[in-house]
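Input: a single structure, listed below in structure tokens.
Remember, predicted model here, so these are calculated numbers, not experimental data. Quick note on labels: first sequence line is chain A, next is B, and so on, each numbered from 1.
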2 protein chains.
Amino acid sequence: MSHSLSTEPRHLTGDKAGLREFLDKFDVFLFDCDGVLWSGDHCFPGTVETLELLRKNGKQVVFVTNNSTKSRADYRKKLEALGIPSNVEEIFSSSYSSSIYISRILQLPENKRKVFVIGETGIEQELRSENVPFIGGTDPAYRREITPEDYKLVAAGDESIIDPEVGVVLVGLDFHINYLKHALAYHYVKRGAIFLATNIDSTLPSSGALFPGAGSMSAPLIMMLGQEPTALGKPSQAMMDAIEGKFQFDRSRACMVGDRANTDIRFGLEGKLGGTLGVLTGVSSKDNFVSGPVRPHAYLDKLSDLLESDY
Amino acid sequence: MSHSLSTEPRHLTGDKAGLREFLDKFDVFLFDCDGVLWSGDHCFPGTVETLELLRKNGKQVVFVTNNSTKSRADYRKKLEALGIPSNVEEIFSSSYSSSIYISRILQLPENKRKVFVIGETGIEQELRSENVPFIGGTDPAYRREITPEDYKLVAAGDESIIDPEVGVVLVGLDFHINYLKHALAYHYVKRGAIFLATNIDSTLPSSGALFPGAGSMSAPLIMMLGQEPTALGKPSQAMMDAIEGKFQFDRSRACMVGDRANTDIRFGLEGKLGGTLGVLTGVSSKDNFVSGPVRPHAYLDKLSDLLESDY
């Protein structure tokens with residue numbers, strides 16, 4: 001599937017009339033965060049003022065993040081630490097997206113409503129907020145070595161270790177991943193549990209380098225099971241559906257803003273949003289946006305160029 | 001690539017003349033172990049006598065195992081515990097295969113001779129036996145959580161955590177796998193280290209069920225790197241080359257015996273051995289052997305049917 005647009009993306013930096021026309025088209029702006037609003041621990045100049053401009057003109061702002069280790073409340077604190085005012089309702093994380101998908105979209109039988117979690121506290125907080133029962137996660141009982149006895153109990157499906165009520169395995173980024181967790185997740189799926197992933201980014205950027213991402217937690221299971229999980233983060237449309245479910249917006253009046261053509265821009269294009277806006281402060285280059293296989297409707301040198309609109 | 005033989009595999013059980021003719025053709029028998037000689041903790045009746053028959057007729061017997069957690073010495077003890085006499089020189093494990101490959105086949109620069117190990121003591125013992133320096137493995141220093149400081153040091157390539165002499169990453173089954181080990185392995189390969197795997201079996205059979213295998217340890221790295229490791233276990237021909245390097249046998253006078261068509265029999269066929277012999281005491285069925293895409297030259301109901309030869 002190709003998302004090339006036949007027309008070249010419009011470069012809006014310095015084009016006041018073009019900027020105003022573009023802003024007029026949308027009621028909702030979905031933002032990728034790192035590479036758009038900030039980089040690492042450094043907020044870009046003008047980010048706060050740009051968000052203010054949008055809000056003051058009645059635009060709905062949504063922060064969309066694949067980071068599953070944080071809850072929306074944690075993420076709001078992160079935004080605050082970077083100097084960006086926000087409220088929890090504006091934040092949409094893959095942990096929240098997953099929780100909504102499980103509680104509102106999956107129709108689980110009454111005796112199969114529990115989730116076995118591979119992941120950190122962000123997932124747990126969001127599952128709790130949706131009243132979804134879960135096991136695993138940060139529970140210290142799962143942060144241990146596998147024992148000879150475990151093999152027998154797991155193989156036998158003994159209820160001391162295999163909870164018969166587990167109907168979903170949800171895999172997110174887990175800094176305490178281990179052999180036991182993978183063994184249990186595998187057995188739950190083999191016994192019929194639905195295999196979900198908060199997101200499948202193979203890497204996680206940190207300190208200017210790459211580290212194992214949430215996708216790396218799913219990789220052993222994908223190999224063992226010969227089965228891909230349903231992913232609830234960008235660019236999966238399950239996340240777009242969840243965002244729409246919450247905000248009830250008109251897709252033709254929504255715009256996705258991002259720095260990466262093959263995730264952010266693709267997410268907006270496949271979601272058939274009215275607009276996509278690339279920025280050059282992150283991963284993709286002008287060349288990627290202008291000549292690549294996935295092109296935004298428009299692009300800016302940097303997000304704060306929106307301020308030139310005097311909107 | 002297909003390994004179908006145009007002729008149907010010969011069923012040798014009960015065919016005394018056929019058995020004697022088959023045995024006459026070979027000087028060396030390579031054995032897959034679990035499913036052929038034993039199952040789980042249970043030695044098949046007649047295994048010991050069959051091996052005796054072969055040895056007494058001057059046949060070289062080699063036990064070929066993908067199990068990387070054990071050294072050859074450990075594996076000999078396992079055979080002994082099952083009641084099967086053997087000596088270390090008859091055993092060929094993927095940990096040994098990997099060590100030979102690193103010490104005798106790879107031409108590493110003088111300052112890049114160290115191996116970063118993901119795996120258990122079997123690998124360490126075999127690397128030591130070949131005088132290959134290594135770090136990682138069972139060292140408790142690597143059995144810990146990643147810290148915020150680690151991200152910075154790893155990203156900076158600081159020598160307190162990234163050893164500049166590492167030129168190989170060797171990944172085997174590790175019951176103590178964790179985030180830090182995967183992060184380090186990834187960075188070593190990105191910095192130019194050769195990516196090896198003892199074997200890439202995604203699962204490990206135990207207690208009649210499946211658990212994460214050595215391939216599951218490589219899976220996150222494969223996903224992050226977009227690169228497959230060179231595998232040193234069956235059915236990789238790197239293992240056959242290593243076996244040949246050690247035993248200096250004539251491939252046309254060697255026979256691979258196994259219970260799995262797509263690994264054991266394929267291993268023998270791709271290695272252009274004179275013969276392959278399937279047994280029906282493990283994974284593959286008669287149908288697999290007779291009508292499947294990978295067919296042995298001959299098959300037996302069970303290994304001890306060789307005793308009917310009165311050889």
Side-chain angles (χ1 to χ4, degrees), chain A residues 40-41 69 118 120 143-158 162 171 173-187 189-191 200-228, chain B residues 40-41 69 118 120 143-158 162 171 173-187 189-191 200-228:
Chain A
D41 291 333
T69 62
I118 288 183
E120 299 289 343
R143 291 188 182 167
R144 63 173 180 84
E145 290 180 27
I146 194 165
T147 67
E149 188 66 5
D150 288 328
Y151 288 101
K152 290 177 199 143
L153 295 173
V154 169
D158 192 282
I162 296 288
V171 183
L173 183 56
D174 188 336
F175 297 112
H176 307 82
I177 189 67
N178 63 28
Y179 191 91
L180 178 66
K181 291 182 187 183
H182 274 140
L184 291 171
Y186 171 78
H187 278 271
V189 177
K190 288 303 275 184
R191 287 167 190 277
I200 49 167
D201 303 272
S202 65
T203 55
L204 174 78
S206 184
S207 305
L210 296 175
F211 291 83
S216 292
M217 312 292 130
S218 290
L221 298 168
I222 294 170
M223 188 190 260
M224 292 176 77
L225 294 160
Q227 181 191 333
E228 299 280 337
Chain B
D41 291 333
T69 62
I118 288 184
E120 299 288 343
R143 292 187 181 168
R144 64 172 179 85
E145 291 180 26
I146 195 165
T147 66
E149 188 66 6
D150 288 328
Y151 288 102
K152 289 177 202 147
L153 294 173
V154 169
D158 192 282
I162 295 288
V171 182
L173 184 55
D174 189 336
F175 297 112
H176 306 83
I177 189 67
N178 62 29
Y179 191 91
L180 178 65
K181 292 182 186 183
H182 273 140
L184 291 171
Y186 171 78
H187 278 271
V189 177
K190 289 302 276 185
R191 286 167 191 278
I200 49 168
D201 303 273
S202 65
T203 56
L204 173 78
S206 183
S207 306
L210 296 175
F211 291 83
S216 291
M217 311 293 129
S218 290
L221 297 168
I222 293 169
M223 188 190 261
M224 291 176 76
L225 294 160
Q227 181 190 334
E228 300 279 337

Please determine, among B/S202, B/G215, B/A156, the option with the most heavy-atom pairs under 4.5 Å with chain A.
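That would be B/S202.
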Would you mind telling me which of B/S206, B/G226, B/S218, B/P212 has the largest number of heavy-atom pairs within less than 4.5 Å of chain A?
B/P212
Establish, yes or no, whether a centroid distance under 6.0 Å links the rings of A/F211 and B/H182.
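Judged by ring-centre distance (under 6.0 Å), A/F211 and B/H182 do not meet the cut-off.
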Side chain, backbone, both or neither of A/L184 within contact of chain B (heavy atoms, under 4.5 Å):
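It is neither, since no heavy atom gets under 4.5 Å.
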What part of A/L180 lies closer than 4.5 angstrom to a heavy atom of chain B: side chain, backbone, both or neither?
neither
Of all of A/A155, A/P148, A/P220, which one pairs up most often with chain B through heavy atoms under 4.5 Å apart?
A/P220
Is there side-chain contact between B/L210 and A/K190, with heavy atoms separated by less than 4.5 Å?
no
Can you confirm whether A/F175 sits close enough to B/T147 that some side-chain heavy atom of one is under 4.5 Å from a side-chain heavy atom of the other?
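A side-chain contact under 4.5 Å is absent here.
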With a 4.5 angstrom heavy-atom cut-off, is it the side chain or the backbone of B/D174 that approaches chain A, or both, or neither?
backbone
Which atoms of B/L153 are under 4.5 Å from chain A, going by heavy atoms: the side chain, the backbone, both sets, or neither?
neither
[X] side, atom [atom1]; [Y] side, atom [atom2] - distance, nearest 0.5 Å:
{"X": "A/M224", "Y": "B/L204", "atom1": "CE", "atom2": "CG", "answer": "8.5 Å"}
{"X": "B/Y179", "Y": "A/S216", "atom1": "OH", "atom2": "OG", "answer": "7.5 Å"}
{"X": "A/H176", "Y": "B/I146", "atom1": "NE2", "atom2": "CD1", "answer": "10.5 Å"}

Could you walk me through whether B/M223 and A/I200 pass side chain to side chain contact (heavy atoms under 4.5 Å, CB included), step by step?
CA-CA 10 Å; B/M223 188 190 261; A/I200 49 167; 5.6 Å; no
